[in-house]
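Shown next, in structure tokens, is the structure this report addresses.
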Amino acid sequence: MNLDPEKRQKLLVILALTGVGLLARDRLVVSPLIKSWTARSENIAQLQKDIAKGRQLLERRDTVRSRWQEMRTNALPSEVSAAEGRVLEAFDRWSRAASVNITSVKPQWKQSDEGYMTFECHVDAAGSLSTVTRFLHEVERDRMAIRVETVELAARDADASQISVGLQVSGLLLNPPAQR
């Protein structure tokens, strides 16, 4: 097919303009639509997950509400000194029940921006394996709003007849007193 130079030039211009037009359409129309479609699909998937989670919460509503009421009932008293006293009395009660020796107690308050405080307490205790186990059981089964954060066990002698336990717990204080 022999084209004269003018027709060939017109054909090349038309092909070049068509290529530029297709590239522009891809960059300005198709790619943004694909990105929008992908983002919308991801958003729909996230919303479906949120709906499923909401339905699960609705199904467990009574359980969650009763658990929250239990937490509120068993939370530490809103007075800081009363809360400290309650936790320290509990450690004394637990150690007597288990026959362990508490060697140190390091309390610390942490303030939250969300309307609660936590009373973190690191306790070191020692006893036999059975007494330490009993102590941990007493801490865990108590109804007070205390959560065991960490437990560290170590043998104090060669035959492991004496065990030391490092216990990090936190207690929940709802509606803390206003800061001055």
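These figures come from a predicted structure and were not determined experimentally. Numbers here simply count residues along the sequence, with the first being 1.
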Practice prompt. Could I get the full list of salt bridge (charged side-chain N to carboxylate O under 4.0 Å, His left out) partners for Arg86, not counting sequence neighbours?
Written response: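 For Arg86 there are no salt bridge (charged side-chain N to carboxylate O under 4.0 Å, His left out) partners, ignoring immediate neighbours.
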
Worksheet entry | Residue pair Val100 / Val132: nearest heavy atoms and the distance that separates them |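 Scanning both residues, the minimum pair turns out to be CG1-N, 3.9 Å.
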
Item to complete: Give the minimum heavy-atom separation between Ala83 and Pro77, together with the two atoms involved.
Response: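 Smallest heavy-atom distance, with atoms named: CB-O, 3.6 Å.
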
Which donor-acceptor pairs under 3.5 Å do side chains of residues 118-126 form with protein atoms, sequence neighbours excluded?
residue	atom	partner	partner atom	Å
His122	ND1	Gln168	OE1	3.3
His122	NE2	Asp124	OD1	3.1
Asp124	OD2	Ser104	OG	2.9

Do [X] and [Y] have side-chain heavy atoms sitting under 4.5 Å apart?
X: Arg67; Y: Val64; answer: no
X: Leu136; Y: Val148; answer: no
X: Leu76; Y: Met117; answer: no

Worksheet item: Are Glu138 and Arg134 ion-paired here, with the side-chain N under 4.0 Å from a carboxylate O?
Response: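 Yes, this pair counts.
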
Roughly how far, to the nearest 0.5 Å, is the [atom2] atom of [Y] from the [atom1] atom of [X]?
X: Glu89; Y: Met144; atom1: CD; atom2: CE; result: 8.5 Å
X: Thr18; Y: Leu23; atom1: OG1; atom2: CG; result: 12.5 Å
X: Lys10; Y: Asp4; atom1: NZ; atom2: CG; result: 8.5 Å
X: Ile14; Y: Lys7; atom1: CD1; atom2: NZ; result: 12.0 Å
X: Glu140; Y: Arg147; atom1: CD; atom2: CZ; result: 11.0 Å
X: Glu59; Y: Arg55; atom1: CD; atom2: CZ; result: 9.0 Å

Discussion item. If hydrophobic residues (ILVMFWY) are linked whenever their side-chain heavy atoms come closer than 4.5 Å, directly or via other members, who joins Val30 in its cluster?
Written reply: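 Joined to Val30, directly or through intermediates: Ile34.
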
Worksheet item: Counting N and O atoms only, with roles assigned by atom type, does the side chain of Ser41 sit under 3.5 Å from a partner on the main chain of Trp37, one being a donor and the other an acceptor?
Response: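 Looks like yes, one N/O pair under 3.5 Å.
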
Worksheet entry | Of Val139, Asn101, Ile102, the residue whose pairing with Ser95 passes side chain to side chain contact (heavy atoms under 4.5 Å, CB included) |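 Option passing the side chain to side chain contact (heavy atoms under 4.5 Å, CB included) with Ser95: Ile102.
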
May I ask you to check whether over 12 heavy atoms, not counting those of [X], lie within 6.0 Å of atom [atom1]?
X: Arg93; atom1: CZ; value: yes
X: Gln9; atom1: CD; value: no
X: Gln46; atom1: CD; value: yes

